[in-house]
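Working notes, structure below.
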Amino acid sequence: MSPSEPAPNFIRKLIADDLVSGRFGGRVITRFPPEPNGYLHIGHAKSICLNFGLAAEHPGDRCHLRFDDTNPTKETTEYAESIMDDVRWLGFDWGPHLYHASDYFDRLYEWAVALIKAGKAYVDDLSADEIRQHRGTLTQPGTESPYRARSVEESLDLFERMRAGEFPDGSRVLRAKIDMASPNLNMRDPTMYRIRKVAHQRTGDRWCIYPMYDYAHGQSDSIEGITHSICTMEYEDHRPLYDWFLDALGIYHPQQIEFARLNLSHTVLSKRKLLELVEGGHVSGWDDPRMPTIAGLRRRGYTAEALREFCERIGVAKKDALVDVAHLEHCLREDLNRRAPRAMAVLRPLRLVIENYPEGQAEIMEAVNNPEDASMGTRQVPFSRVLYIEQDDFREEPSRKYYRLAPGTEVRLRYAYLVRCTGVVKDERTGEVVEVRVSYDPATRGGDAPDGRKVRGTIHWVSAAHAVEAEVRLYDHLFLVPRPGGEDEAGDWKADLNPRSLERLTGCRLEPGLEAAAPGSRYQFERNGYFCVDVKDSSPGRPVWNRTVSLRDTWAKIEKGAKA
RNA sequence: UGGGGCGUGGCCAAGCGGCAAGGCGCGGGACUUUGGAUCCCGUAUUCGGAGGUUCGAAUCCUCCCGCCCCAACCA
C-alpha cells in the first residue's frame, strides 16, 4: 500500500518549529511507554505509529520502547513479551533502545534523596485514607499533613528505612512538597514513593519501595534524552507536575505534548473492559479475532500496513473523537485488494448438476490470481459435472434486480461456462431446494459467448469431487451499537454485546489449491471477502479459516433499499 | 462546583484575518467474467451560540452554551 503523505497535525508542527529554532539541537527522540499490564490494542497502535513515525521522518532520529514498570503488583513479563511482539509486527524497530523505568530505580532514589535534602519532599505517616481526606475537593483546598513540617534529617532517615524494609506496606509514603491549595489536584503534595513488599519482574526483591508514575516518567524521559514526550490528554493536568520534578531536580527537560486517544466505534478500548471480556468468557482470549487488540486484529487477518495507514488517515488532534470502524475496514480492504490472491470458496454449499456435461469428466480452467496485479499469475482449477455454488446465488423467485441463477435464467460460472437453469430438486418433506439442474453451453468455455450474448451475473463455484472441506468463521462487530453502554461511562456496555459476532460455518467447500494454504495466509474468496487461515485452530487435516472482512456488498444495499 | 482541555458536514480532519482542503460514509453515473476493484459527479453560502473589532472573521475580543478529564499509596 502506498502510504499517505504525512498530513499536517499540531504535533508535527510543534516539532517542525523546534527543529528550526534548534531547541533540542535539531533532534527528535520520542518514546512509546507502555505499562506491561495488558495487551496492546488499536488505540496503542495510534500512539506507536505517532511516536515511531515521527522519529522515522527525521534521518538519524529514533524512538525508544520503554516499559513503565513501576507497579509490580500488576505487571508481568508475559505482557511485556506480547507488547514487543506487537510493536515489531506493526513494523517498528527500537533498535538497541529498549528501556525500563526500573532501569532507573537507583537514580530515581538518589534524586528523591536530593529533593528531601532540598526541602522539596517529605515522608508522610498518614494512611491512604487520611491523605485522601487531607487532599480537599475540587472546590476546596486541601490541608497540610502534620508530617509536612518534619525535619529534613528525619525524612531522610525514614526514607532510608522505608527502603530497608523496616515499615509495612501502606504505613508511609514519600511526598513532594508543593502546594496543598493548588487548584490542580496533582500538585497537592503528590505521592512519589509507596511501600510494596512484592517482587518486581525485573528487579526481583531488590526494592520494596516503588516510584509512582508521575515521579518516574519525566525523569525517565530526561535520562533517555527524549525531546518530545507524547502522551494522551488525561495527562495534560500532570504536565505541571512533570515540569516541576524536572525543574526541581535541575535536569534536562523534554517537552510533554498531549493528544486525544483513539475511540473506535462498535468496540471498547479500555484495558479494564478488554480484561473483562477475556475473563468473562465473552471472547476466547486476548487474541480472539473479534478483539480490537493488536494480537486479535493480527489473528483476524489484518495487515500491519492497513493498521498504519488507518492511524495516519484518522489524524492527530486534541478533540475527543469516535472513529467509525468502517474507516478501519476501508483501509484493510484497500490493502488486501491489492495483495491478496483470489480463490473460489463456497461457504453455504448448494449442489449444482450440469445435465449435459459428461459424467466422470473433468477439465482444468485457468483462473487469474489477482486482477489488480498481473504478476501474481494464474492458477488451474478443476471443473466437473457436479459443483457447489452458494445457496444465495440461486433464487426460485428472483426479484427484478436479481441477476444470478433462477429458473430459466443464464449465468456465467466464473472462468468456466455459461449455464442455464433447467430445474431444481427439492426435499420432499421440507420443500427446500437441495439441487439445481442446469445445462451448459460448450461453446462458452472460459466464460465468453462467441455470439456476443450478454450475461449479467457471474457466480463462483467449486467442483464437488475436488473440493476441500473447511470450517469458516464469520465475524461481525463485537458490539451492536457504535458506543457500547451509551454516552455515559456508567452505561451497561456488556448489554450491547453482539450475540452474533461469531458464526461458525462447517462443511464449506474450497477450491483444492487452498489445501496447502499456510497458517496466517490471506486470500480473497471471490465475491465473499478476505479470509485467512487461523494460526491457532487450523490444522492440515482440519482447516479453519477466519473472515477478515467482507467485500463491499452493493447487492445487500440494493436489496435493503428495495425492502425499505 | 475549582482546575485543565475541546467544540469545522453523518464520522474523522486541514485551515489560524482574505472569503471552507482531504479521507471515510452516503447518493448518482461509467466500466466490469468478483453486484469486487477502478473512474467520474454530487454531498457545510457556513465553522457550538450571541454580540463586538475590521473593508473583510472559522480564524481577533467579550459573554453564553455543550462535551471530555482530574479528588489511586494506578498508569
Side-chain angles (χ1 to χ4, degrees), chain A residues 4-5 7-9 33-35 37 68 70-71 73-75 124 126-129 131-133 135-142 169-175 182-188 190-196 209-210 212-214 216-217 231-240 258 260 265 271 310 313-331 333-334 337-338 342 344 367-368 371-372 401-404 412-416 418 446-448 455-460 482 487 524-529 550-559:
Chain A
S4 297
E5 277 296 295
N9 67 50
E35 182 187 13
N37 71 341
D68 238 328
T70 56
N71 186 357
T73 60
K74 295 192 196 167
E75 300 152 3
D124 195 345
L126 255 28
S127 68
D129 219 45
I131 287 178
R132 186 173 350 105
Q133 280 156 18
R135 189 152 26 231
T137 67
L138 293 178
T139 52
Q140 292 158 258
D169 286 12
S171 58
R172 280 179 240 263
V173 293
L174 181 70
R175 292 229 260 169
S182 172
N184 180 347
L185 267 22
N186 295 120
M187 301 299 272
R188 318 244 263 226
T191 301
M192 293 165 60
Y193 272 92
R194 74 288 214 186
I195 302 171
R196 284 267 182 292
I209 56 171
Y210 292 97
M212 299 288 289
Y213 164 85
D214 284 307
H217 200 83
C231 59
T232 46
M233 294 300 291
E234 64 269 30
Y235 291 102
E236 195 147 34
D237 283 341
H238 294 243
R239 181 156 28 100
E258 309 84 13
S265 76
K271 277 187 188 174
F310 170 73
R313 287 198 197 178
I314 55 174
V316 180
K318 300 183 78 150
K319 180 173 65 173
D320 251 320
L322 178 67
V323 178
D324 195 324
V325 70
H327 205 334
L328 209 212
E329 292 168 347
H330 168 82
C331 294
R333 289 190 183 104
E334 188 177 69
N337 176 50
R338 287 197 29 223
R342 315 281 122 127
M344 292 196 283
V368 171
E372 305 296 317
K401 287 178 182 161
Y402 186 86
Y403 45 84
R404 277 113 93 163
R412 171 169 31 242
L413 294 176
R414 176 143 241 229
Y415 298 125
L418 262 35
D448 286 308
V455 177
R456 204 62 197 287
T458 298
I459 66 175
H460 60 278
E487 298 300 315
Q524 182 196 101
F525 289 176
E526 292 209 28
R527 302 208 306 130
N528 262 316
S550 66
L551 247 24
R552 268 188 69 224
D553 193 351
T554 307
W555 167 243
K557 273 180 204 164
I558 294 169
E559 277 223 296

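To find a chain, count down the sequence lines: A is the first, B the second, and so on, and within it residues start at 1. Since the structure is predicted, the reported quantities are computational estimates derived from the model, not experimental observations.
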By the 4.0 Å heavy-atom rule, please label Tyr193(A) as base, sugar-phosphate, or nothing. nothing

Given A75(B), C73(B), G15(B), which nucleotide is nearest the side-chain atoms of His238(A)? A75(B)

Using Watson-Crick geometry (N1-N3 plus N6-O4 or O6-N4) or G-U wobble (N1-O2, O6-N3), each under 3.5 Å, G66(B) is paired with C6(B)

Can you tell me if the side-chain N/O atoms of Lys319(A) get under 4.0 Å from OP1 or OP2 in A13(B)? yes

Short side-chain N/O contact to C12(B) OP1/OP2 from His327(A), under 4.0 Å: no

Who does A30(B) pair with, Watson-Crick or G-U, both distances under 3.5 Å? U38(B)

Test salt bridge (Lys or Arg N to Asp or Glu O under 4.0 Å) on Glu35(A) and Lys74(A) and set out the steps. CA-CA 9 Å; Glu35(A) 182 187 13; Lys74(A) 295 192 196 167; 5.1 Å; no

What's Ile314(A) touching, base or sugar-phosphate or nothing? Going by heavy atoms closer than 4.0 Å. sugar-phosphate

Could you tell me whether Leu418(A) contacts a base, only the sugar-phosphate backbone, or nothing, with contacts defined as non-hydrogen atoms closer than 4.0 Å? nothing

Could you check whether Pro141(A) gets within reach of a base, just the sugar-phosphate, or nothing at all, counting any heavy atom under 4.0 Å? nothing

Using OP1 and OP2 only, check whether a side-chain N or O of Arg456(A) sits under 4.0 Å from U32(B). no

Does U38(B) have OP1 or OP2 under 4.0 Å away from a side-chain N or O of Arg333(A)? no

Look at the side chain of Gln524(A) against the base of U34(B) and say whether a donor-acceptor pair falls under 3.5 Å; ignore hydrogens and angles. yes

Could you list the residues that satisfy ring pair (Phe, Tyr, Trp, His ring centres under 6.0 Å) with Tyr403(A), not counting sequence neighbours? none

Option from Arg414(A), Glu526(A), Arg412(A) for which side chain to side chain donor-acceptor pair (under 3.5 Å) with Thr458(A) holds: Arg412(A)

Would you say whether Trp555(A) stacks on G35(B)? The test is a distance between ring centres of less than 5.5 Å and an angle between planes of less than 30°. yes

Starting from the 5' end of RNA chain B, give me the residue, Asp237(A) or Gly136(A), whose nearest nucleotide shows up first. Asp237(A)

In whole angstrom, what separates Asn337(A)'s CG from U38(B)'s C1'? 9 Å

To the nearest angstrom, how far is Ile195(A) atom CD1 from C73(B) atom P? 14 Å

Taking the side chain of Lys557(A) as heavy atoms from C-beta outward, which of C26(B), U34(B), G35(B) is closest to it? C26(B)

Taking the minimum atom-to-atom distance to the side chain of Val323(A), which one of A75(B), C12(B), A72(B) wins? C12(B)

Side-chain N or O of Arg313(A) versus OP1/OP2 of G22(B): is the shortest distance under 4.0 Å? no

Searching all strands shown, indicate the nucleotide that pairs with C19(B) (Watson-Crick or G-U wobble; both distances under 3.5 Å). none

Taking only the side-chain nitrogens and oxygens of Thr554(A), find out if one of them lies under 4.0 Å from OP1 or OP2 of G36(B). yes

Does the structure show a Watson-Crick or G-U wobble partner for A44(B), both distances under 3.5 Å? Name it, or say none. none

Over all strands shown, is Val368(A) touching base, sugar-phosphate only, or nothing at heavy-atom distances under 4.0 angstrom? nothing

Does C74(B) have OP1 or OP2 under 4.0 Å away from a side-chain N or O of Arg196(A)? yes

For G35(B), does the base pair up with any side-chain atom of Tyr403(A) as donor and acceptor (N or O, under 3.5 Å, distance only)? yes

I want to check one thing: is the phosphate of A75(B), taken as OP1 and OP2, less than 4.0 Å away from some side-chain N or O of Thr70(A)? yes

Just N and O in the side chain of Arg194(A): are any of them under 4.0 Å from OP1 or OP2 of A75(B)? yes

Value in whole Å for how far the P atom of C11(B) lies from CD of Glu329(A): 18 Å

Looking at Arg132(A), I'd like to know whether one of its side-chain N or O atoms comes within less than 4.0 Å of OP1 or OP2 on A72(B). yes

Closest of U34(B), A37(B), A72(B) to the Glu372(A) side chain is A37(B)

Taking for Ile459(A) and for Val173(A) the nucleotide of RNA chain B with the nearest heavy atom, the one nearer the 5' end belongs to Ile459(A)

Excluding sequence neighbours, so at least two apart, what forms ring pair (Phe, Tyr, Trp, His ring centres under 6.0 Å) with His217(A)? Tyr213(A)

Give Ala321(A) one of three labels, base, sugar-phosphate or nothing, depending on what nucleic acid heavy atoms sit under 4.0 Å from its own. sugar-phosphate

If the cut-off is 4.0 Å, is Arg527(A) near the phosphate of G35(B), judged by side-chain N/O to OP1 or OP2? yes

With a 4.0 Å limit, can you tell me whether Lys318(A) has a side-chain N or O closer than that to the phosphate oxygens OP1/OP2 of C69(B)? no

Do Glu258(A) and G4(B) share a donor-acceptor pair, side chain to base, under 3.5 Å? no

Closest nucleotide among G5(B), G25(B), A14(B) to the Glu236(A) side chain: G5(B)

